[in-house]
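Following: one structure in C-alpha cells, then a few remarks.
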Amino acid sequence: MKTRIDAEQIVNTFLGYTTINTTAEPGNPHLPSSDNQRQLAQRVADELSSTGSVKAQVADNAITTLSLAANCPEMPAIVFFAHLDTAPDHTSDTQAQRVKNYQGGDIVLPATGEVISPAAFPELQHYLGQDIITTDGSSLLGADDKAAIAAAVEAIRYMTATPDFKHGEIKLVLLPDEEIGIRGAKALDVPGLNADFGICLDCCGVGEYVIENWYAGSAKITFKGVTAHPMSAKGKLVNALLMANDVINALPVAERPELTEGREGYFWVQKLAGDTACATLDLAIRDFESDSYQNRKSTLQTIIDRLQSRFGRENIILELSDTYGNVKEGLDKNPVILASVQQAMLNLGITPKPLIMRGGYDGSVITPAGLPTVNIFTGAHNFHSTTEFIPVESLRLSGEMLLEIVELSGKGTAA
C-alpha cells in the first residue's frame with residue numbers, strides 16, 4: 001500500500017481548516033457570501049506559498065489559484081478543485097472529535113446526545129478498527145469540502161518535497177459559494193487556467209466517482225393579484241396565492257423529489273411567499289437527459305401560458321434560468337480521464353464505484369465551460385448533516401488518489 005500522504009499530517013491540516021466557519025449565506029449577493037471564506041483561502045495560500053515552490057493568488061471574490069510549476073512539462077496540466085464554503089443547513093462553529101479505533105456500535109455526539117448508528121448508517125461497518133472524525137453534534141463537520149482542500153494541500157506538499165516525483169503544471173483552485181448555486185465556478189475564468197483536465201474532490205465514500213450528474217435549472221414565478229374586501233369580493237378578488245397554487249397543482253404529481261430516484265427527474269416546489277396581492281413561487285427543475293430537461297421547461301411554460309390566458313400575461317411572470325449542466329458529454333469526449341481514475345483506484349487497492357449523481361458540483365459548470373472535470377471521493381459521509389463523518393484512512397486515500405492520477409498522467413493513462 002502506498003503511504004505518500006501521512007495520516008496524522010492530513011488530519012491536522014483538515015482539523016485546522018474546520019476551525020474557520022465558512023458557512024455560505026443565501027441571499028447575500030456578494031462573492032464570497034461570507035468573509036471567512038476569504039480567510040480560509042488566505043490561510044491555504046500562506047501555507048502553500050511558504051514552501052517556496054507554489055505561487056498563490058487570492059482574488060477579492062476569494063477565488064484562489066495556487067500554482068506549482070511543472071518539473072516534467074510534457075505531462076498534462078491538471079487542476080485540483082475544492083470549494084471553500086460549507087452548507088447553510090447549520091451555521092454553528094465546528095467542534096470536531098476523533099473516535100479512535102472504532103469497534104462498532106453507536107457513536108455518541110456529546111453536545112446533543114445524537115448518535116451515528118450502524119442501523120441508520122450501515123456504511124460504518126466498513127470502517128471497523130479505523131479512526132473516524134465527527135462533530136460533537138452541534139454543527140456540520142465541514143468535510144464537504146474542507147477534506148478536499150486538505151487532500152489537495154497535502155498532495156501538493158508531497159510533490160514540492162519530492163523532486164523526483166514527476167508532474168506537469170499543477171494548480172489548486174479554491175472556489176467560494178458552491179453550496180448556494182455554484183457561484184464561484186460560474187465566476188471562474190476557466191480558459192485562463194490553461195489546463196488539460198480537472199479533478200473535483202466533492203463526493204462521498206471511498207471508491208465513488210461521478211460519471212454523470214443532471215441538468216439543473218430554476219424557475220421564479222411572480223403572481224400579481226387584485227385585492228378586495230371579502231364582504232364584496234365576488235367578481236373582483238384575484239388571489240395571487242391561489243394562482244400559485246394552480247401552478248403547483250398542474251405539475252405532474254409523480255415527479256416530485258420524494259417520489260423519484262435513479263435517473264428520474266423532477267419538479268421541486270421550494271418556496272411560496274407573499275399574500276393575496278402578490279406572491280412568488282420558486283421551483284427547481286432537474287433531469288439527466290438534455291431533451292427531457294428542455295421538455296420540463298416547456299411543460300412549465302405551457303402551464304404558465306394557460307394561466308396567463310386566464311389572468312393576463314402581465315399578471316404572471318415566469319423567469320427560467322439554467323444552474324448547471326451534465327458532465328457526461330464532456331467526460332465521454334475524454335474517456336482517458338475516467339480510465340485514469342479507475343486505474344488509480346485499482347493501484348491503491350480501492351474498488352471503483354461509478355456514481356450517477358442526483359446533484360451538481362463545481363465541475364458541472366467547469367466541464368461545459370471547456371475543462372473536463374471529474375468528481376472523486378473525499379471519503380466523507382452524510383454531507384449537510386450533524387451526523388457528517390469521515391474516516392481518517394478515507395481522507396488519506398483521497399490525497400493518495402490525486403498523486404496517483406498525476407503519476408498515471410505521465411504514463412499516458414490520463415489526458
Side-chain angles (χ1 to χ4, degrees), residues 1-7 10 72 74-82 122-132 143 145 147-148 150-159 162 164-168 170 172 195-213 327-328 330-357 361 363 367 371-381 390-415:
M1 178 179 295
K2 296 182 179 181
T3 54
R4 296 166 293 197
I5 301 295
D6 180 78
I10 197 171
C72 188
E74 61 269 23
M75 289 176 66
I78 303 173
V79 183
F80 306 153
F81 291 102
E123 59 269 23
L124 278 170
Q125 299 299 325
H126 299 306
Y127 307 117
L128 298 177
Q130 298 187 28
D131 290 4
I132 298 176
D145 201 27
V153 165
E154 292 306 316
I156 291 173
R157 278 180 172 154
Y158 176 86
M159 285 184 262
T162 313
D164 60 351
F165 183 89
K166 301 301 182 185
H167 58 83
I170 302 296
L172 168 57
D196 293 292
F197 69 97
I199 306 169
C200 275
L201 296 95
D202 197 10
C203 189
C204 322
V206 170
E208 292 187 310
Y209 63 103
V210 175
I211 59 172
E212 182 177 2
N213 64 281
V327 298
K328 185 177 187 301
L331 293 178
D332 283 352
K333 291 178 180 177
N334 300 272
V336 73
I337 299 173
L338 293 182
S340 159
V341 170
Q342 294 164 356
Q343 189 59 54
M345 290 183 181
L346 294 173
N347 290 355
L348 296 172
I350 299 169
T351 300
K353 301 173 184 176
L355 177 68
I356 295 175
M357 186 179 188
Y361 62 100
T367 298
L371 181 63
T373 299
V374 67
N375 190 7
I376 68 171
F377 69 87
T378 59
H381 295 268
I390 186 167
V392 169
E393 177 61 7
S394 301
L395 175 59
R396 192 191 71 80
L397 284 171
S398 67
E400 291 285 359
M401 275 292 296
L402 294 177
L403 293 175
E404 196 66 21
I405 293 171
V406 170
E407 191 169 43
L408 286 170
S409 74
K411 301 176 181 178
T413 309

Open item on the list: Can a donor-acceptor pair be found, under 3.5 Å and without considering hydrogens, that links the side chain of Q343 to the backbone of S340?
Closed with: no
Task: Student check: side-chain heavy atoms of D202 and F81 closer than 4.5 Å - done: no
Open item on the list: Using 0.5 Å steps for rounding, measure from the CG atom of L395 to the CD atom of E154.
Closed with: 9.0 Å
- [ ] Using a strict 4.0 Å threshold on nitrogen-to-oxygen distance, state whether R4 and E404 make a salt bridge.
- [x] yes
- [ ] Taking the side chain as every heavy atom from C-beta outward, state whether C203 and L355 have any pair of such atoms under 4.5 Å apart.
- [x] yes
Task: Pairwise distance CG(L397) to CG(L402) - rounded to 0.5 angstrom - done: 11.5 Å
Open item on the list: Using the rule given for side chain to side chain contact (heavy atoms under 4.5 Å, CB included), can you reason through K2 versus L348, listing the C-alpha separation, both sets of side-chain angles and the distance that settles it, and then say yes or no?
Closed with: CA-CA 7 Å; K2 296 182 179 181; L348 296 172; 4.1 Å; yes
Task: Check: T373 side chain, L371 main-chain N or O, donor-acceptor pair, under 3.5 Å - done: yes
Task: Smallest separation among heavy atoms of F377 and L201, with atom names - done: O-CD2, 4.1 Å
Open item on the list: I need the Q342 CD to N347 CG distance, nearest 0.5 Å.
Closed with: 12.0 Å
- [ ] Only one of D332, V374, I199, I78 passes side-chain contact (heavy atoms from CB on, under 4.5 Å) with I337; say which it is.
- [x] V374
Task: Backbone N/O of Y158 and side chain of T162: donor-acceptor pair under 3.5 Å - done: yes
- [ ] Nearest 0.5 Å please: distance from the NE2 atom of H167 over to the CD1 atom of I156.
- [x] 9.5 Å
- [ ] Give a yes or no on whether the backbone of G363 and the side-chain of T367 come within a donor-acceptor separation of less than 3.5 Å.
- [x] yes
Task: Test item: side-chain donor near acceptor, Y127 and E393, under 3.5 Å - done: no
Open item on the list: For a 4.5 angstrom cut-off between non-hydrogen side-chain atoms, does M159 reach I170?
Closed with: yes
Task: Approximate separation, where rounding is to 0.5 Å, of E208 CD and K353 NZ - done: 6.0 Å
TODO: Decide yes or no for F197 and V336: does some side-chain heavy atom of the first lie under 4.5 Å from some side-chain heavy atom of the second?
DONE: no
Task: Shortest non-hydrogen separation from V206 to S394 and the atoms involved - done: CG2-OG, 3.1 Å
Open item on the list: Is any side-chain heavy atom of I390 closer than 4.5 Å to one of H381?
Closed with: no
Open item on the list: Looking at every heavy atom in both P391 and Q130, which two are closest together, and how far apart are they?
Closed with: CB-OE1, 3.7 Å
Open item on the list: Rounded at 0.5 Å granularity, tell me how far CD1 in I5 sits from CG in L403.
Closed with: 4.5 Å
TODO: Mind listing the closest non-hydrogen atom pair of M75 and S409 along with its distance?
DONE: CE-OG, 3.5 Å
Open item on the list: Do I211 and L331 have side chains that approach each other closer than 4.5 Å (heavy atoms only, starting at C-beta)?
Closed with: no
Open item on the list: Does K166, at its NZ atom, have more than 12 non-hydrogen atoms belonging to other residues, nucleotides or ligands within less than 6.0 Å?
Closed with: yes
- [ ] Could you pull out the closest heavy-atom pair between I350 and P352, with the gap in Å?
- [x] O-CD, 3.3 Å
Open item on the list: Donor-acceptor check, side chain of N375 to backbone of V210, threshold 3.5 angstrom: yes or no?
Closed with: no
Open item on the list: Given 3.5 Å as the limit, does a donor-acceptor pair link the side chain of E212 with the main chain of M357, or not?
Closed with: no
Open item on the list: Give me the atom names and distance for the closest heavy-atom approach of G330 to P372.
Closed with: O-CB, 4.0 Å
